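Worksheet: the structure to be examined is printed underneath.
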Amino acid sequence: MVKVYVMDNYEGLSNKAASIIASQITLKENSVLGFSTGSTPEGMYSRLVQMYRQGLLDFNKVVTFNLDEYVGLSPDHPQSYHYFMHQHLFNHVNVPPENINIPLGTAENLEEHCRAYDKKIAAVGGIDLQVLGIGVNGHIGFNEPDRCLSAWTCVVDLSEATIKANSRFFNSEDEVPRQAITMGMASILHARRLMLLASGKSKARAIRETLSGKVSTQVPASFLQLHPNAIIVMDKEAASLL
Ligand code: GLP
């Protein structure tokens with residue numbers, strides 16, 4: 001069963017999520033962490049940076065894998081997830097650069113790159129704790145609602161709902177890439193622990209459907225119900241339809 005934490009507000013959510021990551025690193029200094037992007041985890045990353053600066057955390061042996069990346073955006077593009085992760089976390093803590101893994105949206109051979117990504121996750125022994133966000137349509141990573149879902153890391157077409165939601169980061173909807181690389185459902189569900197974060201009213205419906213009891217490819221986040229060690233940390237607004 002998915003364990004749910006409902007926090008009073010975004011700050012509470014960010015603190016709770018950061019403390020769960022901190023305890024994971026404290027218990028296992030060479031933890032393999034799966035990270036996600038989007039507005040929701042920003043507070044969590046800034047809390048982790050703060051804890052690092054206070055000498056409470058050491059990322060020196062940590063290995064990271066990011067969930068997804070836009071196809072066609074180079075790592076120095078301000079809307080790429082490479083850029084996001086460096087701006088919010090990696091430029092401020094001591095994860096060794098060679099331990100940082102993020103899918104490369106400009107890889108020459110995308111299929112080969114995706115296969116190599118899953119192999120690399122397996123080679124380090126799998127992910128200990130995978131952080132997830134949730135799309136307004138229930139997507140996780142960029143696994144969009146569909147009649148079937150991909151198991152492993154792959155290139156996917158973004159749905160209209162996601163293009164619309166993510167257009168707030170771009171000058172116009174036309175600039176939003178139409179494709180992305182995403183860790184697949186099996187890549188995600190193989191992690192030993194999952195922590196999904198959800199904040200705000202716009203996520204309330206997706207959260208209700210995630211926990212409603214029906215596991216459906218139309219709500220990719222509902223697959224969390226099949227995981228033995230999944231938690232959702234949300235604020236009151238995201239929990240408002242439960
Ligand atoms: C994007 C990312 C997801 C993320 C989602 C939610 O589409 N691919 O991994 O979870 O956005 O983002 P936000 O937290 O900004 O709502």
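Quick caveat, the model's predicted, so the values are computed rather than measured. Counting starts at 1 for both ligands and their atoms, following the listed order.
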Item to check | Identity and distance of the protein heavy atom lying nearest atom 6 (C) of ligand 1 | outcome: I134 O, 3.6 Å

Next on the checklist: Pairing donors with acceptors under 3.5 angstrom, does anything connect the side chains of D76 and S74?
Outcome noted: yes

Item to check | Protein residue, atom and distance nearest to atom 12 (O) of ligand 1, heavy-atom basis | outcome: G38 CA, 3.8 Å

Checklist entry - Using the ring of each side chain (for Trp, its six-membered ring), is F90 parallel, tilted or perpendicular to H86, with breaks at 30° and 60°? => result perpendicular

Item to check | Nearest heavy-atom neighbours spanning R147 and Q218 | outcome: N-NE2, 3.9 Å

Checklist entry - Given that the side chain starts at C-beta and the backbone is N, CA, C, O, which of these parts of N166 lies under 4.0 Å from ligand 1, counting heavy atoms, or is it both or neither? => result side chain

Checklist entry - Hey, does S36 sit under 4.0 Å from ligand 1 if you only count heavy atoms? => result no

Next on the checklist: Test of understanding: given a 4.0 Å heavy-atom threshold, classify the contact between T40 and ligand 1 as side chain, backbone, both, or neither.
Outcome noted: both

Checklist entry - Going by the order shown, which atoms of ligand 1 are within less than 4.0 Å of some heavy atom of G133? => result 10 (O)

Checklist entry - How close does the nearest protein non-hydrogen atom get to atom 11 (O) of ligand 1, and which residue and atom is it? => result H139 NE2, 4.0 Å

Checklist entry - Is E209 salt-bridged to R205, cutoff N-O under 4.0 Å? => result yes

Checklist entry - Starting from atom 9 (O) of ligand 1, which protein heavy atom do you reach first, and at what distance in Å? => result D68 OD2, 3.2 Å

Next on the checklist: Which residue and atom name correspond to the protein heavy atom nearest atom 3 (C) of ligand 1, and how close is it?
Outcome noted: G141 O, 3.5 Å

Item to check | Protein heavy-atom partner closest to atom 16 (O) of ligand 1 - residue, atom, separation in Å | outcome: K203 NZ, 2.5 Å

Next on the checklist: Give me the nearest non-hydrogen protein atom to atom 4 (C) of ligand 1 as residue plus atom name, then the distance to 0.1 Å.
Outcome noted: T37 O, 3.8 Å

Checklist entry - Do any nitrogen or oxygen atoms of T162 lie less than 3.5 angstrom from nitrogen or oxygen atoms of ligand 1? => result no

Checklist outcome for this item: Within the 4.0 Å heavy-atom cut-off, what F84 brings close to ligand 1 is neither

Item to check | Pair R53-Q50, side-chain donor/acceptor within less than 3.5 Å | outcome: no

Item to check | Test item: side-chain donor near acceptor, S159 and H139, under 3.5 Å | outcome: no

Checklist entry - Which of parallel (below 30°), tilted (30 to 60°) and perpendicular (above 60°) describes Y81 and Y70? => result tilted

Checklist entry - Yes or no on salt bridge (Lys or Arg N to Asp or Glu O under 4.0 Å) for R178 and D157, after CA distance, side-chain angles and deciding distance? => result CA-CA 6 Å; R178 268 33 190 180; D157 295 330; over 6 Å; no

Item to check | Heavy atom of R168, distance to ligand 1 below 4.0 Å | outcome: yes

Checklist entry - If you measure from the Lys or Arg side-chain nitrogens to the Asp or Glu carboxylate oxygens, is any gap between D128 and R193 under 4.0 Å? => result no

